[in-house]
Protein chains: 2
Amino acid sequence: MKRKIIEEITSAQKILEAARKEFARHGLDGARVDRIAHKAKVNKAMIYYHFHSKDNLYQAVIDDHLSQIGSFIEHTISEEPNIEKLLLQLAYFYNEILTKREDFVPIFLRELATGGERMRMAFKKMITEKGFHTKLKQLMDRGKESGQFREMDSLQAIISFLGMNMYYPLTASVINTVWEIKDEKIFREKRPTEVVNLFLYGLIKR
Amino acid sequence: MKRKIIEEITSAQKILEAARKEFARHGLDGARVDRIAHKAKVNKAMIYYHFHSKDNLYQAVIDDHLSQIGSFIEHTISEEPNIEKLLLQLAYFYNEILTKREDFVPIFLRELATGGERMRMAFKKMITEKGFHTKLKQLMDRGKESGQFREMDSLQAIISFLGMNMYYPLTASVINTVWEIKDEKIFREKRPTEVVNLFLYGLIKR
DNA sequence: CATATATATCTAACCATTTAGTTAAACTAA
DNA sequence: TTAGTTTAACTAAATGGTTAGATATATATG
């Protein structure tokens with residue numbers, strides 16, 4: 001067995017990184033195994049040695065993304081029982097994930113286009129394990145009961161909140177042109193607070 | 001020249017319809033010309049006779065979608081100077097477009113994934129021609145000046161509104177599972193009013 | 001009206017390339 | 001010696017696109 005010194009990058013890693021970019025740019029069908037091999041500077045057979053098939057490699061790329069997102073959740077979102085802070089954490093989380101992990105956005109979009117089968121369950125698991133599902137709903141329902149929030153459908157509101165957060169980073173390539181957003185960076189940075197303000201202002205009873 | 005009686009479906013139409021479905025399911029790279037020919041029940045060469053290339057056919061499908069969306073805008077959204085009614089019209093418009101024209105959603109998502117080059121300009125043209133860009137911003141800015149609305153970034157708010165409207169229909173396949181939405185139909189129907197209420201409530205000064 | 005002609009529509013068979021995946025042998029380190 | 005790692009060359013199938021010719025229809029002409 002060839003010993004791999006820790007600092008050395010294994011060919012499996014090189015393949016995975018090249019694949020991440022290739023699949024992001026071209027999707028599963030548009031991606032070319034030869035191109036991945038070339039970019040990773042490994043022999044094509046190495047891809048089949050380590051990953052067995054193109055589909056398998058693609059799934060590995062997705063799993064890698066999901067696990068990194070999972071661990072990012074861990075040290076971004078605390079057990080926060082204050083709804084304002086929780087919403088702000090979530091807003092920053094979505095913004096970061098979709099802004100910094102650029103390669104993930106096109107993969108996510110294309111997965112949605114094919115029904116999202118590959119990610120559905122992973123996301124569900126993530127969210128139920130962290131308890132967002134119940135926690136967010138609870139906080140909103142409690143707000144309604146206490147009279148702090150107005151009457152509305154909590155789930156509809158939550159989906160609206162997600163939409164406010166995720167829509168722009170997912171569609172920026174088109175939105176920037178259509179709505180003439182010149183400084184994308186600043187616009188992105190301002191999003192989380194702007195979104196949370198609008199949302200909370202839209203909930204709190206007057 | 002073969003005379004085409006009005007009721008008869010031309011082979012070009014049959015191809016376009018089959019292509020619409022094929023490209024929606026599989027994307028440009030995943031789509032198979034042979035499969036389109038088979039589904040349209042025409043000889044494969046007919047596709048090249050009428051559309052010259054696979055790329056060209058794909059663009060024809062997109063153009064068809066865009067023109068149908070364009071004409072749908074025409075008789076859905078009136079010259080409405082009342083912001084509440086305008087927002088409601090927009091909310092219904094987005095909901096209808098993304099719910100009834102199912103084939104468009106995956107194409108839109110995949111186009112976003114590749115940078116949206118093919119649609120960017122068409123959308124920009126649509127929106128500037130109808131004057132939404134300036135009109136919406138104007139109405140919001142006027143609302144702020146008159147003291148009806150609170151202080152906020154109009155453009156950020158508009159993008160939030162778009163996100164609230166479009167995010168769910170674009171991601172329903174995943175969202176329904178993750179957030180345990182059982183009756184998708186009812187959830188979709190309730191969206192427009194729910195979204196407009198949240199948005200306006202979030203804007204109006206208290 | 002009949003015939004010739006140009007033009008649009010359509011088909012079966014074909015082709016050049018590309019592509020995912022394989023193989024058998026070589027190399028490397030414990 | 002053993003087991004993991006790497007390579008060059010190869011293959012079978014799929015795929016976008018072509019071609020040469022057939023068929024039908026409109027139009028012009030005598």
Side-chain angles (χ1 to χ4, degrees), chain A residues 1-64 107 110-111 113-114 118, chain B residues 1-64 107 110-111 113-114 118:
Chain A
M1 189 202 319
K2 269 188 195 170
R3 160 159 295 152
K4 293 296 167 187
I5 299 143
I6 296 154
E7 301 119 72
E8 254 186 275
I9 303 150
T10 65
S11 46
Q13 282 177 301
K14 288 196 289 180
I15 292 165
L16 204 66
E17 197 181 309
R20 189 168 27 235
K21 281 174 187 160
E22 176 75 6
F23 286 125
R25 240 192 243 321
H26 303 283
L28 175 54
D29 291 316
R32 294 295 161 244
V33 177
D34 287 283
R35 215 151 45 196
I36 293 169
H38 180 82
K39 277 197 266 185
K41 285 172 188 165
V42 300
N43 189 286
K44 181 163 69 146
M46 287 303 291
I47 290 173
Y48 290 92
Y49 174 69
H50 283 297
F51 296 95
H52 310 105
S53 74
K54 188 190 181 188
D55 273 75
N56 224 312
L57 176 57
Y58 180 65
Q59 188 64 56
V61 166
I62 286 185
D63 291 347
D64 187 52
I107 288 178
R110 270 187 269 250
E111 278 305 307
T114 52
R118 282 192 183 83
Chain B
M1 190 201 319
K2 269 187 192 168
R3 161 161 291 154
K4 292 294 166 185
I5 298 142
I6 296 154
E7 301 121 73
E8 253 184 277
I9 302 150
T10 66
S11 46
Q13 282 177 301
K14 288 195 289 180
I15 292 166
L16 204 66
E17 197 182 309
R20 187 166 29 234
K21 282 175 186 160
E22 177 74 6
F23 286 125
R25 239 192 243 322
H26 303 282
L28 174 54
D29 291 316
R32 294 295 161 243
V33 178
D34 286 284
R35 214 151 48 194
I36 293 170
H38 181 82
K39 277 199 264 184
K41 285 171 189 167
V42 300
N43 189 288
K44 181 164 67 146
M46 286 303 293
I47 291 174
Y48 290 91
Y49 174 69
H50 284 296
F51 296 95
H52 310 105
S53 74
K54 188 191 180 186
D55 273 73
N56 224 310
L57 175 58
Y58 180 65
Q59 188 63 55
V61 166
I62 286 186
D63 291 347
D64 188 53
I107 288 179
R110 271 188 267 250
E111 278 305 307
T114 52
R118 283 193 182 83

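To find a chain, count down the sequence lines: A is the first, B the second, and so on, and within it residues start at 1.
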Enumerate all atom pairs, one protein N or O and one N or O from nucleotides 19-22 of chain D, separated by less than 3.5 Å.
none

What is the distance, to the nearest angstrom, from the [atom1] atom on [X] to the [atom2] atom on [N]?
X	N	atom1	atom2	value
B:Leu57	D:dG17	CG	P	10 Å
A:Met46	C:dT22	CE	C1'	15 Å
A:His52	C:dT22	NE2	P	10 Å
B:His26	D:dT15	NE2	C1'	15 Å
B:Asp34	C:dT11	CG	P	15 Å
A:Gln13	D:dT6	CD	P	12 Å
A:Ile36	C:dT19	CD1	P	12 Å
B:Ile15	D:dG17	CD1	P	14 Å

Q: Kindly compute the distance separating CG (A:Asp64) from CG (A:Leu16), expressed to the nearest 0.5 Å.
A: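 The CG atom of A:Leu16 is 5.0 Å from CG of A:Asp64, to the nearest 0.5 Å.
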(Q) Working to the nearest 0.5 angstrom, can you tell me the gap between B:Phe23 CZ and B:Asp29 CG? (A)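 So the gap between those two atoms works out to 10.0 Å.
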Q) Within a strict 4.5 Å, meaning less than it, do heavy atoms of the B:Thr114 and B:Leu28 side chains meet? A)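 When only atoms from C-beta onward are counted, B:Leu28 and B:Thr114 do not touch, as no gap falls below 4.5 Å.
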(Q) Would you say that B:Thr10 contacts B:His50 through its side chain, given a criterion of any heavy-atom pair below 4.5 Å between the two side chains? (A)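 No, every pair of side-chain atoms sits at 4.5 Å or beyond.
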Side chain of [X], heavy atoms from C-beta onward: which of [options] has the nearest atom to it?
X	options	answer
B:Lys44	C:dT11, D:dT6, D:dG16	D:dG16
A:His50	C:dA20, D:dT6, C:dC10	D:dT6
A:Tyr48	D:dG4, C:dT22, D:dG16	C:dT22
A:Ser11	C:dT9, C:dA20, D:dT6	D:dT6

Q.
Ignoring hydrogens, what is the shortest heavy-atom contact between B:Ala37 and B:Asn43? Give both atom names and the distance.
A.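 Residues B:Ala37 and B:Asn43, closest heavy atoms: CB-C, 4.3 Å.
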Q) Phosphate oxygens OP1/OP2 of C:dA20: is one of them under 4.0 Å from a side-chain N or O of A:Arg32? A)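 It does, given that an N or O in the side chain of A:Arg32 lies less than 4.0 Å from OP1 or OP2 of C:dA20.
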**Q.** Donor-acceptor pair under 3.5 Å, B:Lys54 side chain vs D:dG17 base
**A.**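 Such a pair does not exist between side chain and base.
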Q | Member of B:Arg35, B:His38, B:Arg32 meeting the side-chain hydrogen bond (donor to acceptor under 3.5 Å, both in side chains) criterion with B:Glu22 | A |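 Going through the options one by one, the only one that passes is B:Arg35.
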Q.
Is a donor from one side chain sitting under 3.5 angstrom from an acceptor on the other, for A:Gln59 and A:Asp55?
A.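 On atom types as modelled, these side chains do not qualify, holding no pair under 3.5 Å.
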Q. Counting any heavy atom closer than 4.0 Å, what does A:Ala37 reach on the DNA or RNA strands: base, sugar-phosphate only, or nothing?
A.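 No contact.
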